[in-house]
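Structure, as structure tokens:
In listed order, ligands and their atoms are each counted from 1.
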Amino acid sequence: SPTLAIDIGGTKILAALVQGEEVLASETVATSRSGGPDDWLAQVAELAGGWRGSYERCGVTVTGAVHDGFWSAMNPGTLNIPDRYPLAKQIASIFQVPATLCNDAQAAAWGEYCFGAGNREDTVFLTISTGIGGGAVVNGKLLQGRSGICGHFGLLLSDSETLLEDTASGSWIAAEAGRRGQSGQAPEVFAAAARGETWADELITESASHIARLCHNLQLIFDPAVIVIGGGMGLAPGYLPRVQTKLKTLPARVSSTLARAALGANAGVLGIAALAPQGRT
Ligand code: BMX
């Protein structure tokens with residue numbers, strides 16, 4: 001039977017009914033950024049309300065860290081999740097089926113590895129989105145780590161202890177645009193760059209340069225066959241070419257093969273559904 005798959009991100013919430021690599025139905029809504037986990041789960045319950053009785057298990061993948069059934073923010077700027085929210089308990093009481101939980105980018109990495117651009121070889125996945133998330137599949141295994149935070153590449157520290165994502169994410173682009181007297185979120189900045197506005201081009205190029213350095217470093221750590229880039233911003237026109245351009249200026253001995261995520265916005269729900277039958281939590 002299908003799996004109810006839920007993906008709660010910093011910008012949107014996606015609920016889907018998934019069978020294998022097929023999304024049978026899906027619903028999406030903007031994440032209420034002024035709300036909290038109880039509100040987001042209420043949004044999810046409403047999206048999935050019509051599918052009651054058609055699934056026997058669920059998979060829940062979320063921005064932030066998941067460990068022992070508790071959910072916490074790694075970077076509250078991406079989404080303000082309180083420390084150790086009892087996600088497993090709340091999901092069990094709402095949906096009353098066994099649940100598998102994990103971080104959103106880890107699930108997307110598994111989805112791309114199984115069904116998408118990862119192509120069944122060692123795969124590193126990066127999502128360039130509200131925040132910057134990641135996941136690594138090594139020797140056919142999704143690395144989650146001791147406390148579930150493996151793959152949180154956006155949290156790597158750069159100079160002066162700044163988080164990498166705070167110099168490159170969609171949130172950063174929007175904030176930086178504001179500091180330059182411009183308004184709008186990342187999509188408006190991309191639109192401005194497409195119109196040839198220099199300030200917008202500079203911001204996107206700066207973000208892409210940080211991501212190129214990250215790819216270089218990830219190649220040294222994992223030496224994967226492919227680094228798959230996803231996320232609304234990662235897939236936006238012009239982003240990946242800028243990353244490629246910057247990569248060419250870095251030491252050539254380390255070269256990465258980049259690929260666009262093939263599953264788009266469905267990577268997380270497909271990945272968590274594929275993890276669910278194995279009963280991991
Ligand atoms: C942040 C972190 C990661 C997440 C990534 C992408 C939080 C709330 N989130 O690094 O767990 O995977 O953002 O998240 O600390 P997205 O919401 O942009 O998809």
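- Residue I81 approaches ligand 1 through these ligand atoms, each under 4.0 Å from one of its heavy atoms: 8 (C).
- Not a single N or O atom of A105, backbone or side chain, sits closer than 3.5 Å to an N or O atom of ligand 1.
- Contact atoms of ligand 1 toward L155: 10 (O) (distance under 4.0 Å to a heavy atom of the residue).
- The protein atom (non-hydrogen) at minimum distance from atom 6 (C) of ligand 1 is G133 N, 3.7 Å.
- Below 3.5 Å of separation, one finds no N or O of L79 facing any N or O of ligand 1.
- Close contacts of ligand 1 with G9, meaning ligand atoms under 4.0 Å from a residue heavy atom, involve 17 (O).
- The G10 neighbourhood of ligand 1 comprises atoms 17 (O), with distances under 4.0 Å to a heavy atom of that residue.
- For ligand 1, the atoms lying closer than 4.0 Å to a non-hydrogen atom of H152 are 3 (C), 11 (O).
- Nearest to atom 18 (O) of ligand 1 among the protein's heavy atoms is G131 N, 2.8 Å.
- Listed by number with element, the atoms of ligand 1 under 4.0 Å from a non-hydrogen atom of E165 are 1 (C), 10 (O), 13 (O).
- Ring orientation note: the planes of Y239 and F190 are tilted relative to one another, at an angle of 30° to 60°.
- Residues H216 and P251 are in side-chain contact: their nearest non-hydrogen atoms beyond the backbone lie under 4.5 Å apart.
- Here the protein heavy atom with the shortest distance to atom 19 (O) of ligand 1 is D104 OD2, 2.9 Å.
- The shortest N or O to N or O distance between G64 and ligand 1 is under 3.5 Å.
- Closest protein heavy atom to atom 9 (N) of ligand 1: T63 OG1, 2.9 Å.
- Of the polar atoms of N103, at least one N or O is found under 3.5 Å from an N or O of ligand 1, judged by distance alone.
- Near M74, meaning under 4.0 Å from any of its heavy atoms, are these atoms of ligand 1: 7 (C), 15 (O).
- Taking only nitrogen or oxygen atoms, main chain and side chain alike, T130 reaches within less than 3.5 Å of ligand 1.
- Contact record, A65 with I149: CB-CG2, 4.0 Å, taken as the closest heavy-atom pair.
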